[in-house]
Structure formats: structure tokens, C-alpha cells
Amino acid sequence: MSIGYACLHIGSSDTKIKTVRLKDANEANLLKSSRFNLNALENILRYNVDNNIKLFRISSDIIPLASHESNELRWWEILKPELINLGQFAKNNELRLSMHPGQYTVINSPYEDVVKRAIDDLKYHQRFLDSIEMPLEAKIVLHIGGMYGNKTEAMKRFIKSYKGLGEDIKNRLVIENDDKIFNAEDVLRIYNETGAPVVFDVLHDMVNPSNENKDTYEWIKVFEGTWKDIDGKQKIHYSESKNQNEKRSHSEYIKSESFLSFYSNLKNKDIDIMLEVKDKNLSAVKCGNLIKKDLKAADLEKEWGKYKYYVLSKDANTYKDIRELLKNKDKPNSMGFYELIEKAFNMDTKQGNDINTIQHIWGYFKDLATLDETETFNKKMERYKSMKATNRPVKEYMLKLSEKYDVSYLRNSLYFYI
DNA sequence: TGACGTCAAGATCCG
DNA sequence: CGGATCTTGACGTCA
């Protein structure tokens, strides 16, 4: 069982992915951004290894405008050393990587040029995974596409397009039930015609269920059979609704309680779960710890190191409660820990708590910072206190300083990032 | 024609 | 000038 997250990362420096505008899409710019992004990806993967995250979806923006006609960059040749290096790191650490073209990559369109561009896009994704020499268990997840007024015909066109794809693409392609049109039953039918393994999306099935009387866990069992040995372990997508009114939107974080309940109901636990959630790696690490059999007190303490100032900025009592909970070293209580984190998450920030936290953090810099830096900090602080600015500039400045002075304890503090 | 979704980049506005 | 916020972009479908 691996738990993973998608595309973006929170809480480490140099992990942001750059995008390029069409008007800026010259060779030099595209190369620069591509190289920058590969470095970001490496940093993300290093974090993942450090935090026992074995599953990750690479952003389609990793090579900006990759399948656009304006990009003629032969990135797979120019950046070969970086790509090989990246792939080697992933292989050494047994990471399972994937990609997922968005809703605009549609191979069942009645429009020839749309299909052609979609296939070019699939080709790009396949080429990227090939370039980093990933085995075939590194998949490309694709939606079925549009309906165009006739679902049966739309499915037929998907199957026809699929069959015309090159083997190198088909070897990596897996399909997913979506939240509007093609439900679990539909993709099962398409599987029967194509043999493409199915990524079952739990939330999509909730908002777009099929007529068949099957629950989440029964569907997962059904789709297990679509994954052959060469495809690797069965993969599913798990996410939660943002709220009652926005059921299709992904939640800010995965709720400890609901995830554990979901996990306990899984018939086969030897399955890879891709989380789709706004707080990305934070929930992935959380869910990993929640189900970890030999969870150590040190695992939670590591997490606490990242969260503590964030929690303190919200509420001193919750901060104390967590410290108290962590004193139990024999039986680390991950559920209790993360529920308190979630509690803090849902609180509004009071300026008094926040300023207290900032002063606490500033303690690390008191003796390190130059006079100029102290003055800059004080100035930003004054603007915050007098409500002329938010705490954003203060946070960003302290993060900068913690990088400059390499205060490792602070550098990865989530207080700076959320 | 604009909403949809996603995020960063760029533009613009404010004090 | 620093900082906040609004707009645009890149994609295809659908009402």
C-alpha cells in the first residue's frame, strides 16, 4: 500500500513548478523553465523519500507547453542527463510515478484536430515517463472525454481512438471514471473493449454513480481485475468534497476520521491510493502515518516539528494539548494528533496569537540577523500590527532568513507556507 | 459567448 | 516602493 499526492508540493523550498506563456515561449525560456522544473521535481521526490511517500503524480506542466506546436524543444535529448538522474533516484527508492493529462486532453472528440492534439499530448506524457526510464507501472491516467449528445457513440469513438494509439502509449494508459459523464459502469465497459486498466475514483463515483447497485468497496474489488501484473498494483483516487454545496470540488485536507473509516472498509489493502486534495503532501503524510503499523513516537515528532508554529499561531491551548499527547511515547496516538491539527486548521487566526508566534520564531534570528535585517523585520512587523499589511510579508521574510542562515529547524515549518 | 477548473504569471491598483 | 488583488492564459465541452 502506498499513498500519494498530485503535482504540487507544500512546505519545502525550490519545489514550485514554472509555467510559460505562449508569448514567452521561445527556446531559451522553455529550456530554462524545463530545467528549473526538473530540479523542483527532484526536490519534491527527495521530500517524498524522506517522508515515506512512494507514490507521486508528476505535473503535466513539468515541461511547459510540451505538446504545443510552439514548443520545438528536444527536451528529452537536451535534458537527458537530468532526466536519467531523476529516474535513477526514483528507481533507487522504488517510487511509483504517474501523470494525468487534464480534462482538455480528449481523444473521443468528433473533431479530428482535437483528437490529433490530444494524441500529441499523450505522446508527450509517454515520452516523459520513458525519458526517466520508468517501468510500465508508471501510468498515464486519462478521462474518457465528452458526450456530444450520444454517450454510446462517444464511448465507441473513445475505443476506436484508443485502439489506434501506439503500443508505447497504450502500455501506460489507464482510464478513470469521471464526475459528470462516464461512470464506473461505463469505464468497465470500455475496459472490456480496450483492456485499459481502470483507476476507480471514489469521489467521482459518489457524485456520478452508475445504476448498478455496487458500493465503493465492491467497485474497487471489480476494478482490481483490470490490473495485470505488468501494470503494477491497482490504483485508485481518493478525495473528499470541499463541502455540501461543492461536492465535486476537492477538500482542503483529508479528514483523519473519514480516511481511516475508508481504509478499514477496503477489502484488499495492497493497493495504491492517490489522494486528490488541496493540501497535497500534508494529507499524504498524514494518511500514511494514520495507517502505519509500526508508527513510532519519532514519526509524530517529525510532523510536529513542521506544524508546531502553525498550531501556536492559531491557539495556544491546542498547542499544549498536542504537546501533552506526544508525551505518550509508547503508544503514539496519530489519530488524536491529526485531529488536533485539523482543529487548529479550522480556527481563525487571531493577531495576538500570531504575533506571539512570530516573536517566538524571531528568537532564532535575534543574534544572527544583521542590523538591516532586524530593521526590515521590524518595519514589516509594524505594518502588520497596524493592519497596513497582512502577516504574509513577515512570514516570507522570516522564511528567507531561515534559508539564508540555514536554520534547518525553521526552514520546513509549515507556518511559513499555510 | 462564458462557465467550468487549475494554477502561476502578469497587470494593475493602493497607500 | 511594497504589497494586495484582479485578470489572463492554456486547454475543450456544453449550455
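Residue numbering restarts at 1 for every chain, and letters A, B, ... go by the order of the sequence lines. The structure presented is a predicted model; accordingly, all values stated were derived computationally and were not measured.
- Atom P of nucleotide B:dG10 and atom CG of A:Asn29 are separated by 8 Å, given to the nearest angstrom.
- Rounded to whole Å, the distance from CE on A:Met381 to P on C:dG3 is 14 Å.
- Here A:Gly146 lies in heavy-atom contact (under 4.0 Å) with sugar-phosphate atoms only.
- Atom-to-atom, CG of A:Asp179 to P of B:dG5 comes out at 9 Å; the value is rounded to the nearest Å.
- Here A:Thr390 lies in heavy-atom contact (under 4.0 Å) with sugar-phosphate atoms only.
- Between the NE2 atom of A:His204 and the C1' atom of B:dG5 there is a distance of 11 Å, given to the nearest Å.
- With distances taken from any side-chain atom of A:Val114 to the nucleotides B:dC7, C:dG12, C:dA4, the minimum falls on C:dG12.
- In terms of heavy atoms, A:Thr226 sits closest to A:Phe223 at OG1-O, 2.7 Å.
- Regarding A:Ile17, its CD1 atom lies at a distance of 18 Å from the P atom of C:dA10, rounded to whole Å.
- The 5' end of DNA chain C is approached more closely, in terms of each residue's nearest nucleotide, by A:Thr19 than by the other of A:Thr19 and A:Pro110.
- Annotation: of the two residues near DNA chain B, A:Lys23 and A:Lys278, the 5′-most nearest-nucleotide partner is A:Lys278.
- Residues A:Lys388 and A:Leu8 both approach DNA chain B. Their nearest nucleotides, taken by heavy-atom distance, put A:Leu8 toward the 5′ side.
- Distances were taken from every side-chain heavy atom of A:His250 (C-beta onward) to each of B:dT6, C:dG3, B:dC7; the shortest belongs to B:dT6.
- Protein atom CD1 of A:Ile10 is 10 Å distant from nucleotide atom P of B:dC7, rounded to whole Å.
- The minimum heavy-atom distance between A:Leu203 and A:Arg248, with the atom names listed, is CD2-O, 4.1 Å.
- The phosphate of C:dA10 has neither OP1 nor OP2 within less than 4.0 Å of any side-chain N or O from A:His68.
- You'll find the ring centres of A:His125 and A:His100 outside the 6.0 Å limit.
- With sequence neighbours excluded, the residues that form a ring-ring contact (aromatic ring centres under 6.0 Å, His included) with A:Phe365 are A:Trp362.
- Residue contacts shown for A:Ser109 are limited to sugar-phosphate atoms, with no base heavy atom under 4.0 Å away.
- As rounded to whole Å, 12 Å separates atom P of C:dG12 from atom OH of A:Tyr111.
- Using a 4.0 Å heavy-atom distance criterion, A:Ile181 is classed as a sugar-phosphate-only contact.
- Relative to the side chain of A:Pro393, the nucleotides B:dA9, C:dA4, B:dC7 differ in distance, and C:dA4 lies closest.
- Proximity note for A:Tyr148 (side chain, C-beta onward) versus C:dG9, C:dG3, C:dC14: the nearest is C:dC14.
- Side-chain contact annotation: A:Ser334 with A:Asn289, donor-acceptor N/O pair under 3.5 Å absent.
- Summarising the geometry, the separation between CD on A:Gln103 and P on C:dC11 is reported as 13 Å, rounded to the nearest angstrom.
- Put simply, the side chain of A:Glu339 does not reach to within 4.5 Å of the side chain of A:Phe337, judged on heavy atoms.
- At the heavy-atom level, A:Asp24 lies under 4.0 Å from the strands shown only through sugar-phosphate atoms.
- Distances from the side chain of A:Leu65 to the nucleotides C:dA10, C:dG12, C:dA4 place C:dA10 closest.
- Between C:dG12 and A:Arg117, a contact under 4.0 Å exists linking OP1 or OP2 to a side-chain N or O.
- When each of A:Arg392 and A:Tyr104 is assigned the nucleotide of DNA chain C bearing its nearest heavy atom, the one mapping closer to the 5' terminus is A:Arg392.
- Nucleic acid contact class of A:Lys380 (heavy atoms, under 4.0 Å, all strands): sugar-phosphate only.
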